[in-house]
Chemist: 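Please see the structure below; I have some questions.
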Amino acid sequence: MLSQDRRHPLLKKVFNGAQSVLCAAAGGLVFHYAGGPRGDEVLSHPWDAIWTTTAANATWLVVNALLLCIVLSLEPGDPTPIVFLRKVALPTSLSLLGYGLLALLLAVSWLSGLGFLSIPLIFVPLYVSRWALSQYEVERAAQAATMRAFIQVIETKDLYTRGHSERVSEGVGMLGRHLNLSDDRQNALEHAGLLHDVGKVGVPTSIIQKPGRLDDSEMDAIRLHPARGVELIGNIPFLEEVKSAVLHHHEKYDGSGYPAGLSGENIPYFARMIGIVDAFDCLTSTRSYRPARSVEETLAILVQDRYSHFDPHLVDAFVEVIRTRGWKAAVDQPAPDGTVMATIDHDDLSLGSGGGATGSAAGPA
């Protein structure tokens with residue numbers, strides 16, 4: 001777990017060895033002082049064996065988690081101890097306790113006279129379950145590759161918005177964690193953030209790269225991209241949950257957005273979150289017609305547009321997240337240049353007088 005393990009391999013080995021000894025010693029002491037049965041006593045006192053083994057395993061897990069939390073607190077580049085406990089230790093605790101009971105079952109099978117036959121009876125099903133889990137991980141990797149392919153197609157159209165989808169996904173992920181979303185909802189939210197602009201694939205490149213004012217028909221084409229995004233992902237089963245967020249991420253809290261003119265809490269929750277982060281990343285990024293705004297200036301714009309454009313409670317939460325954790329804005333972007341063939345971003349335009357572009361870059365009157 002040490003973030004510097006490549007530079008200090010010996011330190012990592014010493015820590016891992018000491019960690020195993022301390023965890024095993026703590027579990028063994030609990031088993032001993034709890035009166036855990038030994039040898040053939042396991043067969044005559046099964047319930048004692050179950051609860052003392054469970055207590056010993058739980059002690060092992062607690063000591064292991066505490067040691068890892070100490071290491072994480074010393075390594076600023078690693079996840080915080082709270083994140084580790086919430087995302088790793090707690091979700092895996094029940095399954096690890098189950099593995100401990102499998103070891104007890106192996107001992108009981110052996111003592112019952114099965115001998116070596118008990119080994120395949122216990123470990124073959126365990127191997128099958130491990131194989132099934134590995135197949136699930138392979139599927140998740142394929143899903144991630146599918147989404148990355150979508151995003152690469154979008155970003156080849158525009159130099160200025162490269163990396164935008166990843167930053168929006170990261171931003172809504174930060175907001176979701178701050179709001180304590182469940183793991184499955186968190187994953188769906190980050191997928192939606194990554195794919196929110198996938199419908200731009202269906203917008204003509206001539207419009208995406210137009211350096212001047214967009215006329216009404218061109219703005220209409222831009223406004224079709226949420227619906228086109230839903231069409232693209234509509235037949236991919238694992239993305240079913242993100243469709244409403246993709247479709248409605250340009251709705252406004254006062255009902256003046258598109259495509260359906262939804263308002264307030266009628267706008268899907270994820271769409272409200274994405275709308276905030278989408279506009280935030282746009283304004284903190286350079287465009288051909290303007291330089292990037294500062295983080296503090298952009299946060300002030302979001303606060304100003306609470307109730308009119310954005311969910312006020314989600315804006316407050318997002319401002320708190322950014323001021324607490326910071327934001328890594330886009331880097332290595334070309335300097336503003338009105339002659340560069342680049343998009344006049346619809347996210348920027350949608351903010352209007354509160355934070356959007358002005359003059360020839362402001363879109364149709």
Side-chain angles (χ1 to χ4, degrees), residues 1-36 38 49-104 106-107 126 129-130 133-134 136-137 140-141 144 166-167 169-187 189-190 317-328:
M1 293 295 299
L2 294 174
S3 65
Q4 303 296 323
D5 59 346
R6 292 185 178 180
R7 293 191 298 173
H8 304 289
L10 179 60
L11 180 61
K12 178 185 176 183
K13 291 177 181 178
V14 170
F15 172 80
N16 288 341
Q19 179 186 24
S20 298
V21 170
L22 290 173
C23 292
L29 287 172
V30 168
F31 185 84
H32 172 73
Y33 285 107
R38 303 175 185 179
I50 290 173
W51 85 261
T52 53
T53 298
T54 302
N57 288 339
T59 302
W60 192 101
L61 293 174
V62 169
V63 173
N64 182 68
L66 289 176
L67 291 173
L68 288 174
C69 284
I70 292 173
V71 173
L72 291 173
S73 67
L74 299 174
E75 292 289 327
D78 284 337
T80 64
I82 298 299
V83 172
F84 164 73
L85 291 174
R86 185 164 62 90
K87 293 291 187 179
V88 179
L90 290 178
T92 59
S93 58
L94 287 179
S95 60
L96 292 175
L97 285 174
Y99 284 134
L101 293 177
L102 277 177
L104 176 61
L106 176 60
L126 190 61
S129 64
R130 181 181 177 85
L133 181 61
S134 68
Y136 172 70
E137 291 301 324
R140 284 176 62 94
E166 284 85 353
R167 291 192 298 274
S169 180
E170 180 180 354
V172 293
M174 293 166 59
L175 181 55
R177 286 187 289 274
H178 177 76
L179 297 171
N180 295 316
L181 295 184
S182 63
D183 287 344
D184 59 334
R185 304 308 301 154
Q186 181 73 24
N187 289 334
L189 173 62
E190 292 180 11
F318 184 68
V319 169
E320 181 180 350
V321 167
I322 297 302
R323 287 181 174 161
T324 301
R325 301 191 57 184
W327 177 256
K328 186 177 181 180

Chemist: Between Thr54 and Ile50, which heavy-atom pair has the shortest distance, and what is it?
Modeler: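 The pair with the smallest heavy-atom distance is OG1-O, 2.8 Å.
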Chemist: Determine which pairs satisfy side chain to side chain donor-acceptor pair (under 3.5 Å) with at least one residue from residues 58-71, sequence neighbours left out, and list them in order.
Modeler: Gln19-Asn64
Chemist: How many angstroms lie between atom CG of Leu66 and atom CG of Leu22, to the nearest 0.5 angstrom?
Modeler: 11.5 Å
Chemist: For the pair Phe318 and His178, evaluate side chain to side chain contact (heavy atoms under 4.5 Å, CB included) and give the outcome as yes or no after the intermediate values.
Modeler: CA-CA 8 Å; Phe318 184 68; His178 177 76; over 6 Å; no
Chemist: Is Ser93 reaching over with its side chain to a backbone N or O of Leu90, donor-acceptor style, under 3.5 angstrom?
Modeler: yes
Chemist: To the nearest 0.5 Å, what is the distance between CD1 on Ile70 and CZ on Phe15?
Modeler: 8.0 Å
Chemist: Please name the pair of heavy atoms, one in Ala89 and one in Ala65, separated by the smallest distance, quoted to 0.1 Å.
Modeler: CB-CB, 4.5 Å
Chemist: Could you state the interatomic distance from CD (Glu320) to CZ (Arg325), rounded to the nearest 0.5 Å?
Modeler: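 The CZ atom of Arg325 is 12.0 Å from CD of Glu320, to the nearest 0.5 Å.
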Chemist: Would Glu190 and Arg185 satisfy salt bridge (charged side-chain N to carboxylate O under 4.0 Å, His left out), going step by step from the backbone distance to the final call?
Modeler: CA-CA 9 Å; Glu190 292 180 11; Arg185 304 308 301 154; over 6 Å; no
Chemist: How long is the gap from OG on Ser20 to CG on Leu67, to the nearest 0.5 Å?
Modeler: 10.0 Å
Chemist: Take Met174 and Arg177 through the test side chain to side chain contact (heavy atoms under 4.5 Å, CB included) and record every step on the way to the result.
Modeler: CA-CA 5 Å; Met174 293 166 59; Arg177 286 187 289 274; 3.8 Å; yes
Chemist: Under the rule for side chain to side chain contact (heavy atoms under 4.5 Å, CB included), what residues qualify as partners of Ala25, not counting sequence neighbours?
Modeler: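 Expected list: none.
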Chemist: Closest approach of Leu179 and Ala317, non-hydrogen atoms and distance?
Modeler: CD2-CB, 4.1 Å
Chemist: Looking at CG of Leu97 and OG1 of Thr53, how far apart are the two atoms once the value is rounded to the nearest 0.5 Å?
Modeler: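 Those atoms lie 11.0 Å apart.
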Chemist: With respect to Leu189, which candidate in Leu181, Asp184, Leu175 satisfies the side-chain contact (heavy atoms from CB on, under 4.5 Å) definition?
Modeler: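 Output: one option passes, namely Leu181.
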